[in-house]
Structures are given as structure tokens and as C-alpha cells.
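Presented below is the structure to which this report refers.
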Amino acid sequence: MNWEAALAGYDRDLRTRGAAERTRRAYGVDLAAFVGWAQALHLGPGDLRHRDVRRYAASLSQEGKASTTVARNLAAIRGLYDFLVRTEQVGGNPAELVSSPKRPQKLPNMMSGEQMRSLLEGIPARTPLELRDRAMFELAYSCGLRCEEIVNLDIDSFDFEEDELRVLGKGSKERLLPVGEPARKALERYLQRGRRPLAGDPRERALFLSKSGRRLSNSDVTRRLRIWVANVTSLGGVSPHSLRHSFATHLLEGGADLRTIQELLGHSSISTTQIYTRVDAARLRDTYADTHPRA
């Protein structure tokens, strides 16, 4: 076995398991750099030991790479060797004993309930593109969708009888999500008056279409959101993920429990969802500092 065969096999494995295209590309870039380093030392896939992986991680840090970048590289290497162990091409995972650097935990960007109302109601919904954007962002906030989940929705993803949205999340995991009334109405208006003028090819199954009639990309969604945010607020750094963060935080503030939020977001681990407790704690601290006479 050589590196080329190992990388090709791992990429096929990621594809089979439904990994997102962006994830596969990122892993490919990180692993190509790692393989280049190993080849310079004349190390093949079966030659590496944990001390070699530790040396590689140290070299990334010495180059000034951020801890998040080092952690991502180690995750890619760990994933590659998990595949090689599973397919019995190597005997053990040399990255298993190498701990990732602690990632700085930043509070996620979010918008207040009033800011969300201003944003969504500030999209006039007159033209096909406005109708599309209003429906798209109402649905993203109503269901806490990832950007990739938004663009991957098809015209039959929403069940109007059950008021449920079928979403294909990370790892091709499907979940059914309740949809709020404003989002449902916005989606109805878009399907009745907006989508048909945008549709070129009747065989196109994408729910949200570009002005040329194709499925939207992640960058299309990000760009359109920034346009509307700039129209109604002075906030910076708002992305489609900000709507997802706002969805989760507003649920927590309203009394929803973490397990429910975990299921709605499609998180595989409750520890991922727990960051929202930190957001809520930060809000409480700010409120205390602003209002308590002896804060």
C-alpha cells in the first residue's frame, strides 16, 4: 500500500458515508500536506508511529498555524487511519495517542428576537428573488438549518399536511422538523408566485433557485443574507449559521431543554449543544451587570 492508494480509498469511504463535499475537500488538502511531509522523511502509511504524528503537529504549531488548524489536521489524520485500521491495511492508529490542542471557545454570533423580526419582516417579498429570500431565511430560522441543509432542500422536502420539513443533515442523517406559521406562509407564497418564474428546467428538484434557475450554492445564500442584514441592521459578521445560533439560543431562553435542542439541530453529541448554555450564561451576566445596583 502507498499513500496515493490510502488517500483514494479514504476519499471513497467518506463519499460512501455521505460526507459533505466541503469536508472531503478540506480533509484532502490537509492530508496532502501531511503526506508530503511524511514522504520527505521516506515514511509510508504503515511506517508512522504516534511520535511522528506528534512531530508533525508540533511543526504546524511552529509554523504559526492556529490551534484550530492543528486540531483539524489531526482530525483528518485520525480519520484516515481509522479507515485504514477498519479495512485492515494497518494495525493501529498512530494519531490516537496524540491529543489535539484546545480550541478557543468563542460565543457564536447571534441576533436578538427583535433583530430577527426586523430582518425577516424587512424583506419585502414582492419579486421572485425577494419571495425566495423571505421563505429561505424564515425557514432557516424557524428550523435552525445549516447552510448546506438550506441549499440541499428539494421541492418535496416540506409536507404541508403535517407542517414538517425533511432535512438531510451531516452524515446523511435525516430529521423531521416542525415549521412555524410565518415560515410556512412565506414558503407557500414563494412556491405560488416566486419559484415558477425562476425555474428554467422543469426537472430541477431544488426548492430554492437562483435567477438562472439552478440550485443555490452556500456562497449565494451567504451573500443574499448579508445584503438584507445591511438593509435593516448595523450588525457585522452575520452569516447563515448566525440564524441557526439564534434559533437555538432563543429556544433555550424560552425554556426548551438541551436534549430537544440537540435533536432539532441534529447534533450527534450533547456536548456540541452545550455551547448554548454558555451563551445564555453570558446574557445573564450582562443583564446582572446592567441592572444590579452592586454588580
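Given the structure is predicted, the values throughout are model-derived calculations rather than measurements.
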Indicate, with yes or no, if L41 and V98 share a hydrophobic cluster defined by side-chain heavy-atom contacts under 4.5 Å among Ile, Leu, Val, Met, Phe, Trp and Tyr.
yes
How far apart are the C-alpha atoms of E149 and R175, what are their side-chain angles, what is the distance that settles it, and do they pass the side-chain contact (heavy atoms from CB on, under 4.5 Å) test?
CA-CA 11 Å; E149 293 170 348; R175 64 190 194 277; 2.9 Å; yes
Provide the closest heavy-atom pair for I77 versus Y56 in the form atom of the first, atom of the second, distance.
CD1-CD2, 3.9 Å
Going through the distances and angles, do E130 and R224 end up as a salt bridge (Lys or Arg N to Asp or Glu O under 4.0 Å)?
CA-CA 10 Å; E130 290 171 350; R224 293 298 294 181; over 6 Å; no
Whether over 12 other heavy atoms sit under 6.0 Å from R214 CZ
yes
Can T260 and D257 be said to form a side chain to side chain donor-acceptor pair (under 3.5 Å), step by step?
CA-CA 6 Å; T260 299; D257 62 273; 2.8 Å; yes
Within the structure provided, determine whether H50 and E96 are in side-chain contact (heavy-atom separation under 4.5 Å).
no
Mind checking the CZ-OG1 spacing from R17 to T23? Nearest 0.5 Å is all I need.
11.0 Å
What I want to find out is whether R215 reaches D154 closely enough, with some N-O distance under 4.0 Å, to be called a salt bridge.
yes
Looking at E21, I want to see if its CD is surrounded by more than 12 non-hydrogen atoms of other residues, nucleotides or ligands under 6.0 Å.
yes
Got a sec: does the CZ of R226 have more than 12 other heavy atoms crowding it under 6.0 Å?
no
How about M111 and R117: do any of their side-chain heavy atoms sit closer than 4.5 Å?
no
Does the pair D13 and T16 meet the rule for a side chain to side chain donor-acceptor pair (under 3.5 Å), with working shown?
CA-CA 5 Å; D13 182 64; T16 301; 5.7 Å; no
Checking E148 against R22 for the salt bridge (Lys or Arg N to Asp or Glu O under 4.0 Å) test, could you report, in this order, the C-alpha distance in whole Å, the side-chain angles of both residues, the deciding distance, and whether it holds?
CA-CA 10 Å; E148 283 193 359; R22 186 171 56 181; 3.6 Å; yes
Where do K65 and T69 come nearest, in terms of heavy atoms and distance?
CD-CG2, 4.1 Å
Residues, nucleotides or ligands: over 12 heavy atoms within 6.0 Å of R196 CZ:
no
Less than 3.5 Å apart, which donor and acceptor atoms pair up between the side chains of residues 3-12 and the rest of the protein, not counting sequence neighbours?
residue, atom, partner, partner atom, Å
W3, NE1, L43, O, 2.8
D11, OD1, R24, NE, 3.1
D11, OD2, R24, NH2, 3.2

Check against side-chain contact (heavy atoms from CB on, under 4.5 Å), C143 and V179
CA-CA 6 Å; C143 300; V179 175; 3.7 Å; yes
Go through R49 and D52 one step at a time and tell me if the salt bridge (Lys or Arg N to Asp or Glu O under 4.0 Å) criterion holds.
CA-CA 5 Å; R49 300 294 179 265; D52 300 312; over 6 Å; no
So which heavy atom on P94 is nearest to which on Y81, and how close?
CD-CD2, 3.3 Å
Would L153 and L145 count as a side-chain contact (heavy atoms from CB on, under 4.5 Å) if you check the C-alpha gap in whole Å, the side-chain angles of each, and the deciding distance to 0.1 Å?
CA-CA 10 Å; L153 292 173; L145 302 180; 4.1 Å; yes
So do L209 and R132 actually touch side chain to side chain, heavy atoms under 4.5 Å?
no
For R78 and D82: C-alpha separation, side-chain torsions, deciding distance, then whether salt bridge (Lys or Arg N to Asp or Glu O under 4.0 Å) applies.
CA-CA 6 Å; R78 211 171 282 124; D82 279 344; over 6 Å; no
Are V85 and F34 connected in a single hydrophobic cluster, I mean Ile/Leu/Val/Met/Phe/Trp/Tyr linked by side-chain heavy atoms less than 4.5 Å apart?
yes
Evaluate the side-chain proximity of E138 to L187: yes if any heavy-atom separation is below 4.5 Å, no if none is.
no
Any chance you could measure S59, atom OG, to E63, atom CD, to the nearest 0.5 Å?
5.5 Å
Please set out all donor-acceptor pairs under 3.5 angstrom arising from side-chain atoms of residues 159-168, sequence neighbours excluded.
residue, atom, partner, partner atom, Å
D159, OD1, E161, N, 2.9
D159, OD1, E162, N, 3.2
D163, OD1, R184, NH1, 2.1

If you apply the rule side chain to side chain donor-acceptor pair (under 3.5 Å), what do you find for E114 with S112, and how did you get there?
CA-CA 5 Å; E114 183 59 32; S112 69; over 6 Å; no
How about L129 and L198: do any of their side-chain heavy atoms sit closer than 4.5 Å?
yes
Could you report the tightest heavy-atom contact between P101 and L74, atom names first, then the distance?
CD-CD1, 4.1 Å
Given 3.5 Å as the limit, does a donor-acceptor pair link the side chain of R195 with the main chain of L131, or not?
no
Nearest 0.5 angstrom please: R134 CZ to L119 CG, how far?
9.0 Å
Check for me, please, whether V238 and I227 land in the same ILVMFWY cluster - side-chain distances under 4.5 Å, paths through other members count.
no
Closest non-hydrogen contact found for L243 with Y141 is O-CD1, 3.8 Å
Scanning both residues in full, the closest heavy-atom pair of I155 with A206 reads CG2-O, 3.6 Å
Euclidean distance, H42 NE2 relative to D47 CG, rounded to 0.5 Å:
11.5 Å
d(L120 CG, M136 CE) to nearest 0.5 Å is 11.5 Å
The reported gap from CZ in R223 to CG in L216 (rounded to nearest 0.5 angstrom) is 9.0 Å
R55 vs W37 side-chain heavy atoms within contact, under 4.5 Å
yes
Would you say the side chain of L139 lies within less than 4.5 Å of the side chain of F208, judging by non-hydrogen atoms?
yes
Can you check side chain to side chain donor-acceptor pair (under 3.5 Å) on R189 and Q192, steps first, answer last?
CA-CA 5 Å; R189 288 193 297 268; Q192 289 166 2; over 6 Å; no
More than 12 heavy atoms of other residues, nucleotides or ligands under 6.0 Å from CZ of R205: yes or no?
yes
side-chain contact (heavy atoms from CB on, under 4.5 Å) between F137 and I150, intermediate numbers included
CA-CA 9 Å; F137 297 129; I150 298 169; 5.6 Å; no
Is any side-chain heavy atom of F247 less than 4.5 Å from a side-chain heavy atom of L264?
yes
